[in-house]
Amino acid sequence: MTTVSLRSLRKTYGTVVAVEGVDLEIAEGELIVLLGPSGCGKSTTLRMVAGLETTTSGQLMIGERDVTTLEPKDRDIAMVFQNYALYPHKTIRANMSFGLKMRGMSAADTAREVDRAAEMLDIAHLLDRKPAQLSGGQMQRVALGRALVRDPAIFLLDEPLSNLDAKLRARMREEIALLQRRIGKAMLYVTHDQTEAMTLADRIVIMRDGHVQQIGSPLEVYDRPANAFVAGFVGSPEMNLVPARIESGRIILDDGVATPAPGNAPTGPVLVGIRPEALVPSHQGMPFVVQGVEQLGSQTLFIGLLGPHRVRVLASRINDVAPGEAIHVAVEPEAVHLFDNASGARL
Amino acid sequence: MTRWMLPGFLTIGALATLVLIVGPAIYAISLSFFDRTSLTAEPVWVGFDNFANVLSSGAFWNALWNGFVYAGVAIVLQVVLGIGFALLLHQPFRGRALLRGVAFLPYLLPTVVAVLTFKWMIDGSLGIVTIKMADWGLPPIYWFETESAAMFSVIMVSVWLWTPFVTTTFLAGLQTIPVQLYEAARVDGAGPIRRFFHITLPSLRPILTVIILLRGVWMFNKFDVIWLTTGGGPLGATEHLPVLAYREAFRLFDIGTGAAIATLSFLVLMVIVTIYFWAFPMDDRK
Ligand SMILES: Nc1ncnc2c1ncn2[C@@H]1O[C@H](COP(=O)(O)OP(=O)(O)OP(=O)(O)O)[C@@H](O)[C@H]1O
Ligand SMILES: [Mg+2]
């Protein structure tokens, strides 16, 4: 069942097009991640759903209602801001109660709801403090709590973890995922971090310059990127993208550097995408000159030259290859992505 | 070298304070214990006589009361209007920068010029206000000459002169409030009025505390507006402590009484400021 639908949502600021026609159906309990580089229109899209930004054209439905022109408070949404936006003069309890109070909930019910959310987020002991007396991670929890008490149709989160250190970010990410499963409400989550997107999302919406590039589950997006941009943006380390041509069933990167092409590959110039982990060091294959070695513990990342192109190779741990050495790498034809040379679209 | 810098600067600071602030203050206070008809006359020690005389005179209590009314009403109006104008000028609209500049103009005028302009506008026979009022068939009002209107008039002139300062200060304060707080409040369902009372006002509180204190003290000691418009009259209706002290010391040549009034005024202010600090601590992080 659909809770929220974005229909050709569009936003322009004067001549600047921030968001160009986003279409998206969000199902009940679904966690959607809006992913893309800085300035691609993620926040603008989210803020249009929130009602903090007017829509230039298009329609927004929440439940059965057209809410395109309604105030945020009338939309049945709750939002978590990037910088938390906790009311600095109110206690944590007052921060979390505010939205309920504004909606006329009785003091007793409000207190109960706040206690329940605080329990869930493990912040019950902080309720009497002011925001300035909390750590970043605690503020983050309070911001989540403030959204949680409201029990809305959809939660909107704009880069909620970007102010936390790497460790805490990973932990909060897990917690948000668990929490969202537990309460079973839809969530629209904005981030520019592809790891967050991959680990959290039921479906990822990838945007670029205001345009949606692809919508799909994390594995769909990873396995079958719709174009070269998505291919390069999703996955870490980044996919290697090199120009090549296809001749008689072979991908030719450069004279002398070639590898078998996947079946039904068209002849002619293409853009070839190979994930670093799909390139496997072996005795035969393409010659690869190692320039740099990064030991990651269980894996080893090589940076080097494949013909004239710099690429990355991610292998399981190898100890005895040093920069300057020449080895060979091989790739399965099925693991090669082919994109149109000009448009970047998947072939 | 650096070892001597801190003690050195401290000594210089302490000496400067002694010579420039504590010294004159003690001298001024000491004047109130003497009887003296001019600054060159030989002083005669009279102990607390000057204070006794002042405290038993109706003029002192009248002036004290007038001072409270003048400072109190003027500060309330300045703050209320100042916040109002600041909120208006904070809204985005075409020509905002220009209007912000214009709104600050009164503060740049020398008080004398402003007061003369006012007097000229409301002149009993030639003033534009007087003529307009006559045109509309309204009876003339003697703004500075009748007891009932004079206090109102001096307060209005003061409010006109110094509201811009308050407006500008609040405007600066408004710009420091994160927009996200207002957005969060909108999502939480708070309308404009609740946003004002739950976000704007608490955020401005530190500025408000300082402004009320500074403007209050300033208005209580403000001499020129009243002196230039009514001179404390008519019949003492606008006479407050600074005017009374000045009149005693330099018009009636009773320097001892003038100094005693000034000393008492200082004590009154000190008590009020102490209570204020206690009631509204500057550090509100608790
Ligand atoms: N108020 C505005 N006026 C004009 N242009 C704007 C305004 N707000 C956003 N834009 C433009 O719209 C585009 C999308 O902005 P948006 O904030 O949605 O990006 P984003 O994807 O959230 O980026 P980030 O990851 O940096 O937060 C940008 O090009 C931005 O410059
Ligand atoms: Mg953003």
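Residue numbers start from 1 in every chain, and the chains themselves are labelled A, B, ... in the order their sequence lines are given, proteins ahead of strands. Computed from a prediction, not measured in an experiment: that's the story for all the values here.
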Fill in the blank from the handout: Filtered by a 4.5 Å non-hydrogen cutoff, the part of residues 263-271 of chain B contacting chain A is none
Practice task
Tell me, yes or no, whether the heavy-atom count around F93(B) atom CZ, taken from other residues, nucleotides or ligands under 6.0 Å, exceeds 12.
Solution key: yes
Practice task
Count the heavy atoms belonging to other residues, nucleotides or ligands that lie under 6.0 Å from CD1 of I193(B), then report whether that count exceeds 12.
Solution key: no
Problem - R171(A), CZ atom: more than 12 neighbouring heavy atoms under 6.0 Å - result: no
Exercise for the section: May I ask you to name which of A85(A), A50(A), A94(A) has the most heavy-atom pairs under 4.5 Å with chain B? Expected result: A85(A)
Practice task
Side chain from CB out, backbone as N, CA, C, O: work out which of these in L156(A) comes under 4.5 Å of a heavy atom of chain B, or both, or neither.
Solution key: neither
Problem - Atom CZ of F152(B): over 12 foreign heavy atoms under 6.0 Å - result: no
Handout entry: R146(A) versus chain B, the contacting section by heavy-atom distance below 4.5 Å
Key = side chain
Exercise for the section: Assess whether atom CD of E71(A) is packed by more than 12 heavy atoms of other residues, nucleotides or ligands within 6.0 Å. Expected result: yes
Problem - Atom group of R75(A) that falls short of 4.5 Å from chain B, counting heavy atoms - result: neither
Problem - Side-chain touch H198(B)/Y87(A), heavy atoms, less than 4.5 angstrom - result: no
Problem - Heavy-atom contact with chain A under 4.5 Å, split by part of R194(B) - result: side chain
Exercise for the section: Check whether any side-chain heavy atom of D188(B) sits under 4.5 Å from a side-chain heavy atom of K101(A), and report yes or no. Expected result: no
Completion exercise
In terms of heavy-atom contacts, H89(A) and P202(B) come closest through NE2-O, 3.1 Å
Exercise for the section: Under the side chain to side chain contact (heavy atoms under 4.5 Å, CB included) rule, collect the residues that match up with L208(B), sequence neighbours excluded. Expected result: V79(B), I83(B), F170(B), I212(B)
Practice task
Might you point out which heavy atoms bring R186(B) and G51(A) nearest each other, and give the distance in Å?
Solution key: NH2-O, 3.2 Å
Exercise for the section: Check whether any side-chain heavy atom of E183(B) sits under 4.5 Å from a side-chain heavy atom of R47(A), and report yes or no. Expected result: yes
Completion exercise
Assert top hit (heavy-atom pairs under 4.5 Å, partner chain B, pool R129(A), Q82(A), R103(A)) equals R103(A)
